[in-house]
Structures are given as C-alpha cells and as structure tokens.
Amino acid sequence: MADRTDPRITRTERALEQAIVELAAQRPVSQITVADLAGRAGVTRATFYNRCSSPLDLLIQVLHADLGRGHSLTDTRRSDDRYTVERRLRLTISSVAEHVERFMAVYQHALRDPADGGVYEALVRDFADRSLMVVARSAPPDLPHASHPVIANFVASGFAGAIKAWLSDDSVTKADLVEASLACTPAWWS
C-alpha cells in the first residue's frame, strides 16, 4: 500500500514554506518571530513548533530543498556522456546562481544582518557536503593527499565567498560569478 500524506499536512507545510520565504524576503530572518510566521501561514504557533524549531530552521530547510533539486539535476548530468566535465561544472554553478537569484532578497538580508549568519553557514555546509561527495566519488590521482573534509570546506567557503561578492557588488553579474568560479575550480574537480 502506498504511503499517502494527509493533504492538510502538505498544505500546512507549503503555507509555512511560502510564509518564511515571503517574510525573509522582506526582513532578516533574525527579525521574524514565530507569531509573525504562524500568522502569515494561517497556522498556530503550536503547529509551527510541531514541525520546526525556529524560523531560521524552516528557512534553511526551504533553501536546502531548493538546492537539492539542483543537485539532483547535476547527478543526472554526471551519468550523461553528452556533458563534458567543464559543461557539467558550468551548469552546476549556474544552477546554484539561479537558486540564489530565486531567493535574492533572502540572501541579501542575510548578508547585511550579522545575526543571520546561519543562512550562509547552511549554504557553506551544503556546498561542503556536495564537495566531499565529489572528492570521495572521483578520487582523482592528482587530488592532494590531505584531509578531504578540509579540502571540501575550503572549496565550499570559497564558493560561498564568491556568492557574497556577487551579492555585495552591483557591478558583478551572474556571468561574472560563473566565470570566476570556473576559473578557481581545482583542476582535479570532476
């Protein structure tokens, strides 16, 4: 028998997800209360706490899920011989840039408010996890003999820093982000 989720649960989850994105696009997530969020979603505070621990936790879940959809596409491309390593990498970086564009106001608020550091920490964690998977999966012969978690975090922090530079400077375009990220990608990356 197929597992069916009650449609009311799905509606509640979608309402909370939409509410956190709308509110975080208007102001830093550190300034969003559970009462604000529950009111916008049309649920009780108890309903919120049954699903999440904080507005930041919910926002990170939404952002992570959106990034995950891009990662799934990257994984599909990896098994398709029509894509060169460079083309896959360009599409992967572009996919992340499109994610940031979808949530531009959220990331810009997080960039300006030091109390919202959790948004960027989550982005770095996501990149580090993906980087560690790439390192473990490919294990190229020219990969430095060093701690893989350290390498993954180094690459992830650099990419997140490039995104911050893009968001902080109106003269930097998405194309600039993609090209700079490609130029800085280690030769062993695949």
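In this text the structure is predicted, and so the values were computed from the model without any measurement. Keep in mind that the numbers below use all heavy atoms, side chains included, and drop hydrogens, waters and symmetry copies.
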Quick check for you: to the nearest 0.5 Å, what is the distance between [X] atom [atom1] and [Y] atom [atom2]?
X: Glu86; Y: Thr185; atom1: CD; atom2: OG1; result: 9.5 Å
X: Arg87; Y: Thr92; atom1: CZ; atom2: OG1; result: 10.5 Å
X: Arg69; Y: Ser95; atom1: CZ; atom2: OG; result: 10.5 Å
X: Gln61; Y: Leu63; atom1: CD; atom2: CG; result: 10.5 Å
X: Ile60; Y: Ser54; atom1: CD1; atom2: OG; result: 7.0 Å
X: Glu121; Y: Ser157; atom1: CD; atom2: OG; result: 10.5 Å

[X] with [Y], same ILVMFWY side-chain cluster at under 4.5 Å:
X: Leu67; Y: Val124; result: no
X: Leu123; Y: Leu167; result: yes
X: Met104; Y: Tyr120; result: yes
X: Val62; Y: Val34; result: yes
X: Met133; Y: Leu73; result: no

Show every ring-ring contact (aromatic ring centres under 6.0 Å, His included) that has at least one partner inside residues 38-68, sequence neighbours left out.
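Pairs touching residues 38-68 that pass the test: none.
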Residues Thr173 and Asp176: side-chain donor-acceptor under 3.5 angstrom
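Side chains of Thr173 and Asp176: pair found under 3.5 Å.
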Do the side chain of His109 and the main chain of Ala25 share a donor and acceptor less than 3.5 angstrom apart?
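Yes, because the side chain of His109 sits within donor-acceptor range (under 3.5 Å) of the backbone of Ala25.
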Under 3.5 Å, side chain of Asp113 to main-chain N/O of Pro28, donor-acceptor pair present?
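No, the answer is negative, given that no donor and acceptor are paired below the 3.5 Å cut-off.
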Give me the ring orientation class for His99 and Phe103: parallel if the planes are under 30° apart, tilted from 30 to 60°, perpendicular past 60°.
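Tilted, since the angle between the ring planes falls between 30° and 60°.
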May I have all residue pairs that pass side-chain hydrogen bond (donor to acceptor under 3.5 Å, both in side chains) and include part of residues 160-169, sequence neighbours excluded?
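For residues 160-169: Asp169-Ser171.
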To check you understand the geometry: which heavy-atom pair defines the closest contact between [X] and [Y], and what is its length?
X: Ser181; Y: Ile93; result: CB-CD1, 3.7 Å
X: Val155; Y: Pro186; result: CG2-CG, 4.2 Å
X: Ala128; Y: Ala156; result: N-CB, 3.3 Å
X: Arg27; Y: Ile32; result: NE-CG1, 4.0 Å
X: Ile163; Y: Leu177; result: N-CD1, 3.9 Å
X: Ser94; Y: Val178; result: OG-CG2, 3.7 Å

Might you confirm whether atom CG of Asn50 has over 12 heavy atoms from other residues, nucleotides or ligands at distances under 6.0 Å?
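Counting other residues, nucleotides and ligands, CG of Asn50 exceeds 12 neighbours.
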Kindly check if the number of other-residue, nucleotide or ligand heavy atoms within 6.0 Å of CD (Gln26) is above 12?
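Atom CD in Gln26 is crowded, with more than 12 foreign heavy atoms closer than 6.0 Å.
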[Y] side chain reached by [X] side chain, heavy atoms, under 4.5 Å:
X: Pro149; Y: Leu132; result: yes
X: His71; Y: Asp126; result: yes
X: Pro55; Y: Ile20; result: yes

Report, one line per pair, each donor and acceptor closer than 3.5 Å where one atom sits in a side chain of residues 37-46; sequence neighbours left out.
unit_1 : atom_1 : unit_2 : atom_2 : d
Arg40  : NH1    : Glu22  : OE1    : 2.8
Thr44  : OG1    : Thr47  : N      : 3.0
Thr44  : OG1    : Thr47  : OG1    : 2.9

Can Arg90 and Glu179 be counted as an ion pair, charged N to O under 4.0 angstrom?
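Result for this pair is yes, salt bridge flagged.
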